[in-house]
Amino acid sequence: MQIRQATFPSRLDQIEAICRLVEESAQEAGFDSAASYACQLAVAEASENIIKHGYGVEGKGIIQVSVTGRADELTFELRDEAPPFNPSLSPTISQLDEDDPPVGGLGLVILHRVMDEVRYERLAGQNHLTLIKRKPVQSR
Amino acid sequence: MQIRQATFPSRLDQIEAICRLVEESAQEAGFDSAASYACQLAVAEASENIIKHGYGVEGKGIIQVSVTGRADELTFELRDEAPPFNPSLSPTISQLDEDDPPVGGLGLVILHRVMDEVRYERLAGQNHLTLIKRKPVQSR
Amino acid sequence: MEINLLQYKRVAVITVTGRIDSATAAELETTIRSVIDNGQKHLILDLGAVDFLSSSGLRVMVTTMKTLRKVGGEVCVAQPSERVVSSLSIAGLDTLFHSFESREAAIASF
Amino acid sequence: MEINLLQYKRVAVITVTGRIDSATAAELETTIRSVIDNGQKHLILDLGAVDFLSSSGLRVMVTTMKTLRKVGGEVCVAQPSERVVSSLSIAGLDTLFHSFESREAAIASF
Ligand SMILES: Nc1ncnc2c1ncn2[C@@H]1O[C@H](COP(=O)(O)OP(=O)(O)O)[C@@H](O)[C@H]1O
Ligand SMILES: Nc1ncnc2c1ncn2[C@@H]1O[C@H](COP(=O)(O)OP(=O)(O)O)[C@@H](O)[C@H]1O
């Protein structure tokens, strides 16, 4: 499979383009529409966090996204130059409290619910986030 | 214009066929859809009355309907052998009382609102009802 | 004529297709009666697919209005066809029944 | 994203088309806030034409729910697209928002 890679300015209006890159890769890898959407959602959440929480202000840096495919899985790698942050620890996903539902913290929940693996490394002043999604077995 | 004529058993399930006869005549005469519908409605009301009030019981007699066209008008003639009844007198159409709207008596109101002329004769044991509808000037 | 009944919490929507005349009005009346007997006070008649409405049908509508008003309820019309609009206006009943462009506007009015 | 607002007597219907993500969620929040500030307690989000819904949008929805519940109101979802259903379920919020197959069923539920 083709390796797709692109660099985006850290602006929220770039999320749509990032999603498009993910969608094209997922389609090429034969992911069904639901799995493709799940990947777009997770990569969008990670990117939004880098822009909002990492860089703090829009347009201050870049996000590099690359997608590689192997056998029945897709690997998404996101790199940024914002301060170190490790999102690889799974948030405690508690039972929904209907009377006091959570207003924040959904981004990391979504990231971990969707992805089969979430890895983090800090290398040469960059955050390296690796997200792996295996193709659902019963792909329609 | 062709003269159309047909005889129907005095049953309520014949009203639809009577309407069809009226519709075909109105179409041939170049009446617009609204004028055609108004004619169907008026002839249906007259026929319903003959069946329900004239003969009293369904299937006891016949209704003869004929349609003739001349210049810009259509003439509908209905004949039946029920007891004499003269519907040619215009009912007093009073202002609608919103708090006590009329439950009955709408048939004759509709007949007279739609038709330009309503004439009645009793001839040889038959009710002859003549309904004349002029083509609306601004036919769309 | 075909009749379809949809019961919501506070309102019932009766959708009629075809002709409402003396041959079919009784069936409509029976349906309406059962809905009212069931305790429903708000009725919507979706007359979008009615292509004929004679005084027999109008009589059922007026009776329904009277019955419902007595219990503080109401009947209104949703997306009436051109012919239904004609019948109501020829009979002089157009001001009696609230008429809404869409089913949802009718439902939202209650 | 496009937002369309329809105000009925007892309920407002907000129809969203396109993407609800961090780039657009604020605009949705502003619209919702103005409707609530206007005294409306019952809100329907028609998400039939939404093709992306991220946590930023979900956060607006949850905030809206909390605000409305405080005044005895509620927000529900009408005819959610497949992707909206996915987002809600992945985020574990699918039981929080009543979801109706049609706008009219949503309106009738209030
Ligand atoms: N890239 C990042 N850099 C710094 N902090 C982050 C980053 N991603 C997430 N966080 C922290 O983790 C928290 C939870 O993130 P998330 O689950 O996306 O929810 P939310 O964005 O709604 O707060 C954030 O509030 C932020 O404090
Ligand atoms: N063909 C008829 N034969 C006998 N009586 C009739 C006839 N047509 C109308 N009537 C009388 O005129 C009244 C008014 O008729 P109409 O306006 O059609 O209202 P409705 O049929 O609802 O009573 C009827 O109730 C009936 O008493």
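A, B, ... follow the sequence lines: proteins, then strands. Residue 1 opens every chain. Keep in mind the model is a prediction, meaning the values are calculated, not measured.
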Please examine the side chains of F110(D) and K9(C), heavy atoms only from C-beta on, and report whether any two atoms are closer than 4.5 Å.
->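 Sidechains of F110(D) and K9(C): no contact.
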Please, which pairs that meet ring-ring contact (aromatic ring centres under 6.0 Å, His included) have at least one residue in residues 51-79 of chain C, sequence neighbours excluded?
->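 Listed once each, the pairs are Y37(B)-F52(C).
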Within this structure, what is the [atom1]-[atom2] distance for the pair [X] and [Y], rounded to the nearest 0.5 Å?
X	Y	atom1	atom2	answer
R10(D)	R10(C)	CZ	CZ	4.0 Å
E104(C)	E104(D)	CD	CD	8.0 Å
S102(C)	I107(D)	OG	CD1	7.5 Å

So which part of A105(C) gets closer than 4.5 Å to some heavy atom of chain D, the side chain, the backbone, both or neither?
->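 Both backbone and side chain of A105(C) come within 4.5 Å of chain D.
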Assess whether atom CZ of R69(C) is packed by more than 12 heavy atoms of other residues, nucleotides or ligands within 6.0 Å.
->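 Enclosed: over 12 neighbouring heavy atoms sit under 6.0 Å from CZ of R69(C).
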